[in-house]
Amino acid sequence: MCGFDKDTGPGRLMKKGLILILVGHINFILGAIVHGSVLRHISKPSQHISTNYTVANIISVTSGLLSIAAGITAIVVSRNLHGFKLQISLLIASFLNALLSAACSAGLLMAISITIAHNGTGLMFGCNDTVVPINARSPVSSQCPFDTTRIYDTTLALWIPCAVLSAAEAGLSVWCFIVGLALRGLAPCGNSYIKEQLEEEAERSSQTRRLMGKHLNVEA
């Protein structure tokens with residue numbers, strides 16, 4: 001993974017950035033749908049629902065936004081490998097996104113496990129306590145501010161892709177972070193020599209500009 005070279009590396013980094021942007025958009029949209037259709041009804045302070053649902057979903061939406069930012073940073077860096085500030089930005093954005101995406105995937109997996117283990121009982125706490133069904137799959141009618149017909153299946157159908165996409169975001173962010181380490185010549189990619197190659201290229205470019213400037217001054 002540390003084998004980043006200045007010939008094929010920028011193209012690979014750009015592709016990873018585009019994939020991060022695409023995955024981030026999809027994850028953000030899925031998380032927003034879950035929050036807007038389900039969690040906004042059961043995350044009110046007056047309800048006695050565990051905060052794991054809301055926290056996991058908010059992290060999912062935030063992870064999507066940060067993935068988009070990290071993807072944009074990766075694309076910009078792929079067009080300018082020499083920029084010190086861009087390299088640092090790539091390191092910071094990819095590192096934070098890797099942590100947040102991993103936490104998001106773990107949180108969603110926990111929420112999915114709890115929901116399946118309790119047959120979606122936690123999803124029904126926004127309903128009237130007097131007629132609340134035993135679980136989300138119970139045929140008993142209930143007075144709820146939302147449609148309970150398919151709340152269990154719909155929530156899981158959206159959460160599972162979110163968890164998978166968050167894991168993909170974490171993997172892509174780790175790859176971008178390692179590329180940032182290689183560009184800065186830091187361990188464990190300090191022996192990739194890409195930093196030295198970029199410095200030599202920058203030095204040759206600087207010398208060429210100085211020679212051209214002297215040539216133009218002589219002609220003037």
Side-chain angles (χ1 to χ4, degrees), residues 16 19-71 93-178:
K16 295 297 190 297
I19 295 174
L20 261 178
I21 293 175
L22 176 62
V23 173
H25 273 95
I26 297 175
N27 208 8
F28 175 80
I29 292 172
L30 292 178
I33 292 174
V34 173
H35 191 83
S37 61
V38 179
L39 297 185
R40 68 186 179 92
H41 298 292
I42 61 178
S43 60
K44 299 176 182 178
S46 59
Q47 308 300 339
H48 302 289
I49 185 173
S50 175
T51 57
N52 54 9
Y53 289 134
T54 304
V55 170
N57 203 68
I58 291 176
I59 293 177
S60 175
V61 173
T62 307
S63 173
L65 293 174
L66 189 55
S67 294
I68 295 173
S94 57
F95 177 75
L96 293 177
N97 192 49
L99 290 180
L100 190 62
S101 297
C104 172
S105 182
L108 287 174
L109 289 176
M110 182 182 69
I112 292 170
S113 301
I114 293 175
T115 302
I116 295 176
H118 295 87
N119 289 321
T121 303
L123 297 175
M124 305 303 293
F125 280 134
C127 303
N128 190 321
D129 292 337
T130 59
V131 292
V132 65
I134 297 175
N135 55 62
R137 304 183 70 82
S138 173
V140 180
S141 61
S142 58
Q143 297 178 3
C144 294
F146 53 88
D147 183 13
T148 62
T149 307
R150 297 179 179 177
I151 183 174
Y152 180 85
D153 297 327
T154 301
T155 304
L156 290 182
L158 293 173
W159 265 345
I160 292 174
C162 281
V164 174
L165 291 175
S166 296
E169 289 173 353
L172 291 169
S173 298
V174 169
W175 188 89
C176 291
F177 179 72
I178 292 177

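Counting begins at 1 with the first residue of the sequence.
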Subject >> Closest approach of Leu20 to Gly71 (non-hydrogen atoms, all atoms of both residues) >> reply: CB-CA, 3.9 Å
**OP:** Could you pull out the closest heavy-atom pair between Asn97 and Ser63, with the gap in Å?
**Re:** OD1-O, 3.4 Å
Original post:
For Ser105, which residues count as a side chain to side chain donor-acceptor pair (under 3.5 Å) partner, sequence neighbours excluded?
Top reply: none
**OP:** Compute whether any side-chain donor of one residue and acceptor of the other, for Ser101 and Ser166, lie under 3.5 angstrom apart.
**Re:** no
Original post:
Once you round to the nearest 0.5 Å, how far does SG of Cys162 lie from CD1 of Ile29?
Top reply: 10.5 Å
Original post:
Which atoms form the tightest heavy-atom contact between Gly31 and Val61, and what is the distance?
Top reply: C-CG2, 3.7 Å
Original post:
Out of Leu22, Ile160, Ile26, which residue meets the side-chain contact (heavy atoms from CB on, under 4.5 Å) rule with Leu165?
Top reply: Ile26
Original post:
Roughly how far apart are Ile19 CD1 and Glu169 CD, rounded to 0.5 Å?
Top reply: 12.0 Å
Original post:
Can you tell me how far the CG atom of Leu65 sits from the NE2 atom of His25, to the nearest 0.5 Å?
Top reply: 8.5 Å
**OP:** Without swapping roles, check the side chain of Ser113 against the backbone of Leu109 for a donor-acceptor pair under 3.5 Å.
**Re:** yes
**OP:** Begin from the C-alpha positions of Leu100 and Ser173 and carry the test side chain to side chain contact (heavy atoms under 4.5 Å, CB included) through to its verdict.
**Re:** CA-CA 10 Å; Leu100 190 62; Ser173 298; over 6 Å; no
Subject >> Residue list, side chain to side chain contact (heavy atoms under 4.5 Å, CB included) with Phe177, at least two apart or on another chain >> reply: Leu91, Ser94, Phe95, Leu181
Subject >> Rounded distance [0.5 Å steps], OG in Ser67 versus CG in Asn27 >> reply: 7.0 Å
**OP:** Quickly, which of Leu108, Ile112, Ile114 forms a side-chain contact (heavy atoms from CB on, under 4.5 Å) with Met110? Name it, please.
**Re:** Ile114
Original post:
Hey, mind stepping through Thr115 and Thr155 against side chain to side chain contact (heavy atoms under 4.5 Å, CB included) and telling me if it holds?
Top reply: CA-CA 9 Å; Thr115 302; Thr155 304; 5.8 Å; no
